[in-house]
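Here the structure is laid out as structure tokens; the discussion comes afterwards.
Just so you know, these numbers come straight off a predicted model, no measurement behind them. Below, each value reflects all heavy atoms present in this structure, side chains not excepted, and no hydrogens, waters or symmetry copies. Chain letters run A, B, ... following the sequence lines, proteins first and then strands; every chain starts at 1.
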Amino acid sequence: MPDPGDQSRRGMNAVTAAPRVRFAPSPTGYFHVGGARTALYNWLFVRRLGGSFVLRIEDTDRERSDESWTSGILSALEWLGIDWDEGPYRQSERRELYEQAAERLVRSGRLYACDCSRADLESRHPGNPTPGYDGHCRDRALTPGPGRALRFRTPDAGTTVVHDLVRGDVEFANAAIEDFVVVKSNGDPLFVLAVVVDDLDMGISHVIRAEEHLPTTPKAILLWNALADVPTPTFAHLPVLVNDKRQKLSKRRDRVAVEDYRALGYLPEAMRNYLALLGWSPADGREVLSLDELVEEFRLEQVNHSPAFFDEKRLQHFNGLYLRALPLSELRERAAPFLASPVAPWPDDAFDQAAFDALAPLVQERVATLGEVPALVEFLFATPFEPDDEAFAKLVAGDALAPVVLGQARDAFRSCEWVAANLKELLAGIAVAVDRKLAKAQAPVRVATMGRAAGLPLFESLVVLGRDRTLERIEAALARLGPG
RNA sequence: GCCCCCAUCGUCCAGCGGCCGAGGACGCCGCCCUUUCAAGGCGGUAACACGGGUUCGAAUCCCGUUGGGGGUGCCA
């Protein structure tokens, strides 16, 4: 009998044939960036080699899985531009395959029935915090049936080696691998069985997934070799993504849903670029790479070994780069959803595309995400217009010269030619008159007309705002200051 | 507890025995530019966890320690 851990046949597959990979998320929560990176690495790997990307939904846990999570995963993948060649397959629809495999393994003696409850184990090993299964039912020859789980009879000796493209060979002593459950006592197949049966059935050549799966891989290999006489897939275990406490990203604890970033106005190409660089970098050190360049340069063998922190600041940097590189027409299209209901802080009929377009170039170089766009142009569309209280208090009400500046600006703006250079020149003159730098003199005018202490360049903005509204707002500010 | 993985600036990466008195990027700080804010330019800050080996020579190889992480009894 061959050593079940024997891997000598490995390497015969997928060397010349096109690789087949699978991305296999479980629909038990929103899709987070760690899953997105795993999907991306699978995708990059297989695209250059002309292979196939299979999408498989691992929903064997009926308690925790939900179809709504599945649709979220699919739309997030689409948004990122990660397309699939097959699927999505659902493990919940493939149950028969797992049952057949389990039957075969029972017949060949690799699986045995077990009726030990958790309490039984505890009573046999009181106080033992975490022992593995003790093999109690191994030789009891129980008949499989309801109320009895199916366990895999693991070898007592020898070693199972995981050949990993990222980590090299990782060895596990078979003696340390307990007889693990493969089918629950209620008949449901467990993840480890379903995955192996599917990978086998789908002809998967490379299993590229997060490092958290590495410890269960020897079990999968044992199972695989018990089921079929074909080489196991090649494995690649990617370093996990961690939070600021260096713990694995968790759906419950950490707010890192791909959908959230989309809603905040991150571009998929920026997200992709950033994600690709989380755990890998091209040989030449470039950091901004197009999709084609990523496909061309990406190598699993170059993937880092240590966990990476998802740094939103850095993502933001990449997003800004991509945003600024967009042609204006494209920026306009991408920004559109953020300028309309339900996102925009103004009614749809208050929006004026031409006004936005006029300021778009100035907007473009000031935002890191599309979500920041509305705030910059809100002064054009907000109805009614209300200056920010804090800014008004500080830069208008709190400035003894503000009434003078505002009053003179109103007078000067009343009849001049309405172009930016003119407005600037007029206000510069007022600045001189009140003995101030232009930078400080423009502050009260900015707050009165644009509502905020900082934002787009003042004069260009006023040109688009128009003379009437500009004068109205200055009057309103003066009125608010009251007489004297 | 046991098994496994990992270990270079705060963060993400480069480094695969001499080119390293450690390089790039983000962040942070300063300066310049400037109608605010950005963007941009320039400069600065800051790391090989520790201890043993191996070697003429170690961030790079080996061992150990420490630290971090992951997995672990019918989740995936």
Side-chain angles (χ1 to χ4, degrees), chain A residues 24-28 58-61 63-65 91 114 116-118 121-122 125 128-134 149-151 162 164 166-167 170-173 176-178 180-186 188 190-192 194-195 209-218 237 239-240 242 244-248 274 277-288 304-318 320 324 362-368 372 376 395 420 423-424 427-428 431 437-443 445-447 450 452-461:
Chain A
S26 58
T28 57
E58 309 220 315
D59 54 356
T60 52
D61 184 343
E63 317 269 279
R64 296 200 301 150
S65 297
Q91 291 191 322
C114 168
C116 295
S117 68
R118 216 183 156 113
L121 277 158
E122 175 56 26
H125 307 282
N128 204 350
T130 46
Y133 181 62
D134 61 0
L150 258 27
R151 286 184 184 273
V162 178
D164 193 292
V166 173
R167 282 153 217 288
V170 184
E171 297 188 6
F172 295 85
I177 305 173
E178 62 170 320
F180 54 95
V181 174
V182 149
V183 176
K184 293 204 226 180
S185 55
N186 68 4
D188 285 352
L190 241 24
F191 156 81
V192 64
V195 165
R209 50 167 26 164
E211 187 196 351
E212 65 206 78
H213 295 285
L214 185 52
T216 63
T217 304
H237 287 96
V240 292
V242 297
D244 55 343
K245 297 197 188 76
R246 311 264 359 147
Q247 293 166 318
K248 185 179 77 163
Y274 173 68
L277 262 33
L278 254 193
W280 171 82
S281 64
D284 60 14
R286 267 178 303 166
E287 297 204 315
V288 178
N304 243 62
H305 295 191
S306 41
F309 171 64
F310 185 87
D311 184 359
E312 195 168 333
K313 283 262 175 58
R314 198 164 148 81
L315 204 214
Q316 222 169 74
H317 167 74
F318 276 97
R324 269 172 263 125
L362 300 175
V363 170
Q364 186 171 29
E365 58 186 273
R366 281 171 177 74
V367 294
E372 295 169 359
L376 284 181
L395 297 169
L423 303 182
K424 179 179 179 181
L427 197 60
K437 293 203 163 154
L438 179 55
K440 192 161 184 215
Q442 56 97 48
V445 180
R446 168 181 296 280
V447 174
M450 298 178 70
R452 296 169 193 256
L456 298 179
L458 176 63
F459 309 113
E460 290 76 358
S461 298

pair_partner(G21(B)), Watson-Crick or wobble, both distances < 3.5 Å, evaluates to none
What integer number of Å spans the P atoms of C48(B) and U11(B)? 12 Å
N186(A) CG to C74(B) P, straight-line distance once rounded to whole Å: 13 Å
Once you apply a heavy-atom cut-off of 4.0 Å, does H213(A) come out as touching a base, just sugar-phosphate, or nothing? base
Out of A39(B), A25(B), C74(B), which has the shortest distance to the side chain of R324(A)? A39(B)
Among A76(B), C4(B), C12(B), the one nearest L278(A) by side-chain distance: C12(B)
Residue P215(A), side-chain heavy atoms: nucleotide from G73(B), U35(B), G70(B) that is nearest: G70(B)
Between C13(B) and C19(B), how far apart are the P atoms? Round to whole Å, please. 24 Å
Using OP1 and OP2 only, check whether a side-chain N or O of R314(A) sits under 4.0 Å from C28(B). no
Verify the contact: side-chain N or O of R209(A) to OP1 or OP2 of A76(B), cut-off strictly under 4.0 Å; return yes or no. no
Looking only at atom P, what distance separates G69(B) and A59(B), rounded to whole Å? 28 Å
C16(B) to A7(B) separation - P atoms, rounded to the nearest Å: 16 Å
What nucleotide among A39(B), G24(B), U35(B) has an atom nearest to a side-chain atom of E460(A)? U35(B)
Among U36(B), A76(B), C6(B), which nucleotide sits nearest the side chain of E212(A)? A76(B)
Hey, is the main chain of A439(A) close enough, under 3.5 Å, to the side chain of Q442(A) for a donor-acceptor pair? yes
Students often get this wrong, so: under 4.0 angstrom with heavy atoms, is L190(A) touching a base, only sugar-phosphate, or nothing? sugar-phosphate
Within the 4.0 Å heavy-atom criterion, would you say G285(A) contacts the bases, only the backbone, or no part of the nucleic acid? nothing
Nearest to the side chain of P457(A), which nucleotide is it out of A38(B), U35(B), C6(B)? U35(B)
Candidates G71(B), C5(B), U36(B) - which lies nearest the side chain of Q442(A): U36(B)
For a side-chain hydrogen bond (donor to acceptor under 3.5 Å, both in side chains) with H237(A), tell me which candidate from R209(A), H213(A), E211(A) qualifies. R209(A)
So if I take every side-chain heavy atom of A454(A) and compare against U36(B), C74(B), A76(B), which nucleotide ends up nearest? U36(B)
Exam field: side chain Y274(A) to backbone D311(A), donor-acceptor pair closer than 3.5 Å: yes
Quick check for you: among A76(B), U36(B), C4(B), whose closest atom lies nearest to any side-chain atom of D61(A)? A76(B)
Is the shortest side-chain N/O distance from K248(A) to OP1 or OP2 of G69(B) below 4.0 Å? no
Within the structure shown, what part of the strands sits under 4.0 Å from L362(A) by heavy-atom distance: base, sugar-phosphate, or nothing? nothing
Of the listed nucleotides (C26(B), C4(B), U36(B)), which one gets closest to any side-chain atom of A439(A)? U36(B)
So, does R324(A) use its side chain to make a donor-acceptor pair with the main chain of V367(A) at under 3.5 Å? no
Under 3.5 Å donor-acceptor pair, R366(A) side-chain atoms to U36(B) base atoms: yes
OP1 or OP2 of C6(B) under 4.0 Å from side-chain N/O of N304(A): no
Under a 3.5 Å limit for both distances, which nucleotide forms a Watson-Crick or G-U wobble pair with A7(B), could you say? U66(B)
Using the C1' atom as the reference point in each nucleotide, state the distance between G73(B) and G67(B) in Å, no decimals. 29 Å
Tell me whether the OP1 or OP2 atom of C12(B) has a side-chain N or O from S281(A) closer than 4.0 Å. no
Could you check whether F191(A) gets within reach of a base, just the sugar-phosphate, or nothing at all, counting any heavy atom under 4.0 Å? base
For C37(B) and R452(A) - does any side-chain N or O of the residue sit under 4.0 Å from the phosphate oxygens OP1/OP2? no
Using a heavy-atom cut-off of under 4.0 Å over every strand shown, decide if S185(A) touches base, sugar-phosphate, or nothing. base
What residues form a side-chain contact (heavy atoms from CB on, under 4.5 Å) with L190(A), not counting sequence neighbours? V181(A), K184(A)
With a 3.5 angstrom cut-off on both distances, give the Watson-Crick or G-U wobble partner of A58(B), or none if there isn't one. none
So which nucleotide does G40(B) pair with, by the Watson-Crick or G-U wobble rule with both distances under 3.5 Å? C32(B)
Report which part of the nucleic acid R246(A) touches: base, sugar-phosphate, or nothing (heavy-atom distance under 4.0 Å, all strands). sugar-phosphate
What is the pairing partner of G73(B), taking Watson-Crick or G-U wobble pairs with both distances under 3.5 Å in any strand? none
